[in-house]
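Down below is the structure, laid out as structure tokens.
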Amino acid sequence: MRGTRPARIVRLRRRTRWVLLALLAALLAPLSWLRTSVPLDRTARLDIVPVPFDPPRNWPAGLTLEGVWELADPHLYFGGYSALMLRGEGRALALSDRGETLAFTLPGRGLAEPIMAAISPHPRQGGALQDIESATSDPVTGRIWLGYEQVHAIRRFAPDRAGDSGGDQVAWPPQMRLWPENSGPEAMVRLADGRFVVLGERSGTGLLFAGDPVDGAPALEFSASYPGDYRPTDAAQLPDGRLLVLARGVVPGWPAFRSLLLVGELDDMGADRVWRPRLLARLDGALPSENYEALAVAPTAGGLVIWVMSDDNLGTFQRTLLARLRWRQ
């Protein structure tokens with residue numbers, strides 16, 4: 001009997017972990033924990049409130065945390081933001097997994113009114129394109145590309161649809177068709193040289209397109225090696241050409257989320273086609289624990305500003321947080 005006790009303990013621990021993960025899934029289920037007493041009109045009532053934070057520890061020289069804010073709005077369609085784009089003059093555009101957008105002024109940049117809106121349905125795809133997980137743009141033409149989970153599609157359009165010779169188009173890259181259902185284009189970046197990189201969340205696979213994927217550009221498939229069980233949630237290109245990746249890990253218990261920043265050179269893959277970004281900084285202990293899924297960078301004199309935003313999964317037990325980091329290089 002003594003010889004069987006350790007095995008029973010191991011099985012019990014495993015069962016306990018699965019129970020904790022099941023409870024976490026229940027807490028994050030939007031249909032079970034939606035907000036109550038929500039307005040239905042699209043008038044934004046956005047509040048941006050500073051959140052206390054502890055000074056980061058063991059961060060590289062030159063990387064600092066300048067502020068953390070909680071964004072709150074009682075509207076039914078507020079929250080669930082998985083992508084963030086900077087739009088100039090201190091404005092930002094957050095995009096959600098329900099096809100909704102929030103245009104707002106970044107903290108410290110003015111008091112322009114926030115605007116909530118829905119992404120217009122595609123003329124042929126209708127409501128099939130909804131779960132936005134990634135977004136990128138061309139600063140010259142103004143074109144925007146959106147990456148959709150579940151259907152594994154990439155959509156391209158111009159903000160005003162005017163003068164866009166490519167029109168509102170959708171593509172389903174063949175390499176993405178076999179990705180797991182909940183592991184679509186989690187991170188997508190249009191690189192400065194016109195190439196595109198797409199990172200899958202759970203597949204551990206990345207695609208480096210020679211050009212616009214909507215135009216059918218060929219893609220190089222590669223594997224990505226991340227620390228532990230962390231997986232990418234968003235990415236952005238740095239001024240020096242490297243890729244900055246926001247990655248997330250989930251652990252039993254509450255708070256359940258761990259986040260870190262990785263950085264790597266995409267063209268530094270060997271013959272094995274494995275990309276190995278290195279750790280830049282762990283966000284745990286500095287930022288409040290949340291489901292950080294959105295990332296954007298803005299060059300400044302002597303470095304850049306990094307914005308990180310969380311997805312509250314449309315639940316009452318989570319928050320939409322926005323953090324500003326500065327990286328002096």
Query raised in the report: Between Thr64 and Arg326, is a side-chain hydrogen bond (donor to acceptor under 3.5 Å, both in side chains) present by the stated rule, with each step listed?
Result: CA-CA 5 Å; Thr64 58; Arg326 187 174 298 273; 5.7 Å; no
Which atom names give the shortest non-hydrogen contact between [X] and [Y], and what distance separates them?
| X | Y | answer |
| --- | --- | --- |
| Pro232 | Val245 | CB-CG1, 3.9 Å |
| Arg190 | Thr136 | N-OG1, 2.9 Å |
| Asp54 | Gly285 | CB-O, 3.8 Å |
| Pro299 | Pro239 | CG-CG, 4.0 Å |
| Ala118 | Glu100 | CB-OE2, 3.6 Å |
| Ala92 | Leu86 | CB-CD2, 4.2 Å |

Keeping the roles fixed (side chain from [X], backbone from [Y]), state whether a donor-acceptor pair exists under 3.5 Å.
| X | Y | value |
| --- | --- | --- |
| Asp73 | Arg45 | yes |
| His152 | Trp172 | no |
| Thr101 | Ala117 | yes |
| Ser137 | Pro139 | no |
| Trp59 | Leu65 | no |
| Asn291 | Phe257 | no |
| Asp97 | Asp131 | no |
| Ser310 | Leu321 | yes |

Do [X] and [Y] come close enough that some side-chain heavy atom pair is under 4.5 Å?
| X | Y | result |
| --- | --- | --- |
| Met269 | Val274 | no |
| Leu207 | Glu221 | yes |
| Leu46 | Phe78 | yes |
| Leu262 | Leu279 | yes |
| Leu106 | Leu322 | yes |
| Gln318 | Glu290 | yes |
| Arg195 | Leu220 | no |
| Leu246 | Tyr230 | no |

Query raised in the report: More than 12 foreign heavy atoms under 6.0 Å from CG of Asn58: is that the case here?
Result: no
Query - Polar side chain donor-acceptor pair, Thr233 to Arg248, under 3.5 angstrom - result: no
Requested in this report: Would you check if there is a donor-acceptor pair between the side chains of Trp145 and Asp138 at a distance under 3.5 Å?
Outcome: no
Measure the spacing between [atom1] of [X] and [atom2] of [Y] and express it to the nearest 0.5 Å.
| X | Y | atom1 | atom2 | value |
| --- | --- | --- | --- | --- |
| Gln130 | Ser96 | CD | OG | 8.0 Å |
| Ile132 | Arg98 | CD1 | CZ | 12.0 Å |
| Arg242 | Leu244 | CZ | CG | 9.0 Å |
| Arg273 | Leu208 | CZ | CG | 10.5 Å |
| Ser225 | Arg276 | OG | CZ | 6.0 Å |
| Arg258 | Tyr292 | CZ | OH | 12.0 Å |

Flag yes if [X] and [Y] sit in one hydrophobic cluster, no otherwise; membership is Ile, Leu, Val, Met, Phe, Trp, Tyr, and two members link when side-chain heavy atoms are under 4.5 Å apart.
| X | Y | result |
| --- | --- | --- |
| Val297 | Trp327 | yes |
| Tyr226 | Leu266 | yes |
| Phe196 | Val214 | yes |
| Val308 | Leu304 | yes |
| Val305 | Leu71 | yes |

Requested in this report: Take Trp69 and Arg324, measure what side-chain contact (heavy atoms from CB on, under 4.5 Å) needs, and give me the verdict at the end.
Outcome: CA-CA 9 Å; Trp69 298 266; Arg324 183 178 67 211; 3.9 Å; yes
Query - Short N-O contact, Asp215 and Arg156, less than 4.0 angstrom - result: yes
Query raised in the report: Checking side-chain contact (heavy atoms from CB on, under 4.5 Å) for the pair Leu325/Leu261: CA distance, chi angles, key distance, verdict?
Result: CA-CA 11 Å; Leu325 295 73; Leu261 291 173; 4.1 Å; yes
Query raised in the report: Checking side-chain contact (heavy atoms from CB on, under 4.5 Å) for the pair Leu243/Val263: CA distance, chi angles, key distance, verdict?
Result: CA-CA 6 Å; Leu243 201 66; Val263 64; over 6 Å; no
Requested in this report: For side-chain contact (heavy atoms from CB on, under 4.5 Å), just list the numbers for Phe157 and Leu146, CA-CA rounded to whole Å, side-chain angles, deciding distance to a tenth of an Å, and then say yes or no.
Outcome: CA-CA 9 Å; Phe157 60 93; Leu146 304 179; 3.7 Å; yes
